[in-house]
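Note: hydrogens, waters and symmetry copies are ignored here, and every other heavy atom, side chains too, is used.
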Protein chains: 2
Amino acid sequence: MKNKIKKAHCAVDYAFQRIGGKYKGRILWVLRDGFLRYGELKRAVVGITPKMLTQTLKELEADELIVRKVYLEVPPKVEYSLTDTGKELIPFIGQMRSWGEKQMLTN
Amino acid sequence: MKNKIKKAHCAVDYAFQRIGGKYKGRILWVLRDGFLRYGELKRAVVGITPKMLTQTLKELEADELIVRKVYLEVPPKVEYSLTDTGKELIPFIGQMRSWGEKQMLTN
DNA sequence: TACTTTATTGTATGTACTTGCTGTAAAGAT
DNA sequence: ATCTTTACAGCAAGTACATACAATAAAGTA
């Protein structure tokens, strides 16, 4: 399966289906500056379980928002980075983040 | 309960907790131009069940992103509109929407 | 009296999401 | 031979999200 978008009623719906989910935004955000390995992501996205990290990374990959690059080494090494489409989302996530920061202070 | 944000690990997390969910983005979006009654919202957000609409509206209200105004009439009349905080999210949702539209064409 | 309209609420049921925990491969170091 | 490291996979279990369907209040109209 290429991705799991069901049937979007509108573009807003579609976009939220693609970057919704508990960790997708955060993962995209920490990848904004380049390549991160699985373990680095795990440390960067505090609180995520390995299971969820793997699962979410797979979804983002199937959705073509990130790229997974495997190095044939032992112990294994896998690097993740944003695709061009994924990079386009960074400004929005940045805005959301600013809004969130402001709100967190207000409360 | 004022809202149901658990413990945000970062601002991105926080923001997604507040506008995540299957219908929140769409509801905020259709409210961008002013006031809508419950029934109008139901027609605007195609596919939502009355139960989910009520529930989501309550969450958005508890989160202070929308305002609920009740008119003491029979049959009942209730109008919903964005708060200032809610309005701040509209540009962001608009951008997401543009991205989504573009993506929908690309696929 | 029965019917209509509007904005819900309640109960039951179902599906999707998320977590916790254990296990694996394979090379290199001790 | 055992231990370490890295990046996962599998399974059971719980929680959250979502749907379907029935029901309510209360004034106005037929």
Measure from [atom1] on [X] to [atom2] on [N] and round the result to the nearest Å.
| X | N | atom1 | atom2 | value |
| --- | --- | --- | --- | --- |
| B:Y80 | C:dA7 | OH | C1' | 8 Å |
| B:L36 | C:dA7 | CG | P | 11 Å |
| B:I48 | C:dA7 | CD1 | C1' | 14 Å |
| B:R43 | C:dT6 | CZ | C1' | 10 Å |
| B:K22 | D:dA16 | NZ | P | 18 Å |
| B:K77 | D:dA27 | NZ | P | 18 Å |
| A:L60 | C:dC17 | CG | P | 13 Å |
| A:L53 | C:dT18 | CG | P | 13 Å |

If you only use heavy atoms from C-beta on, which nucleotide in [options] is closest to the side chain of [X]?
| X | options | answer |
| --- | --- | --- |
| A:R68 | C:dT19, D:dT5, D:dC8 | D:dC8 |
| B:V78 | C:dT6, D:dC8, C:dT8 | C:dT8 |
| A:P76 | C:dA7, D:dT6, C:dT19 | D:dT6 |

Can you tell me how far [atom2] of [Y] sits from [atom1] of [X], rounded to the nearest 0.5 angstrom?
| X | Y | atom1 | atom2 | value |
| --- | --- | --- | --- | --- |
| A:L57 | A:I48 | CG | CD1 | 7.0 Å |
| A:F92 | B:R97 | CZ | CZ | 12.5 Å |
| A:F16 | B:I19 | CZ | CD1 | 4.0 Å |

Cation-aromatic face contact B:R32/B:W29, 6.0 Å, 45 degrees:
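That pair qualifies as a cation-pi contact.
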
N/O (side chain, A:R37) to phosphate O (OP1/OP2, D:dA7) under 4.0 Å:
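A:R37 to D:dA7 OP1/OP2: side-chain N or O found under 4.0 Å.
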
So does A:Y38 get a side-chain nitrogen or oxygen closer than 4.0 Å to the phosphate oxygens (OP1/OP2) of D:dT5?
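No, no such contact exists.
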
Please check if B:V67 and B:L36 belong to a single hydrophobic cluster, counting links between Ile, Leu, Val, Met, Phe, Trp and Tyr side chain heavy atoms closer than 4.5 Å.
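In one cluster: no.
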
What I want to find out is whether A:K102 reaches B:E88 closely enough, with some N-O distance under 4.0 Å, to be called a salt bridge.
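Answer for the salt bridge query: yes.
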
Can you name the atoms? Protein N/O to nucleotides 9-13 of chain D N/O, anything below 3.5 Å, with the distance.
residue: D:dA9; atom: OP1; partner: A:K58; partner atom: NZ; Å: 3.3
residue: D:dA9; atom: OP2; partner: A:K58; partner atom: NZ; Å: 3.2
residue: D:dC11; atom: N4; partner: A:K51; partner atom: NZ; Å: 2.3

Which part of the nucleic acid, if any, lies within reach of A:Y23 when heavy atoms closer than 4.0 Å are counted: base, sugar-phosphate only, or nothing?
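Counting heavy atoms under 4.0 Å across all strands, the contact made by A:Y23 is with sugar-phosphate only.
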
Need one value for B:Y71: base, sugar-phosphate or nothing, where a base atom within 4.0 Å counts as base even if backbone is also close, heavy atoms only.
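Nothing: the residue B:Y71, judged by heavy atoms under 4.0 Å, touches no strand.
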
Does one side chain, of B:Q103 or A:Y14, offer a donor that lies under 3.5 Å from an acceptor on the other?
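No, no side-chain donor-acceptor pair sits under 3.5 Å.
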
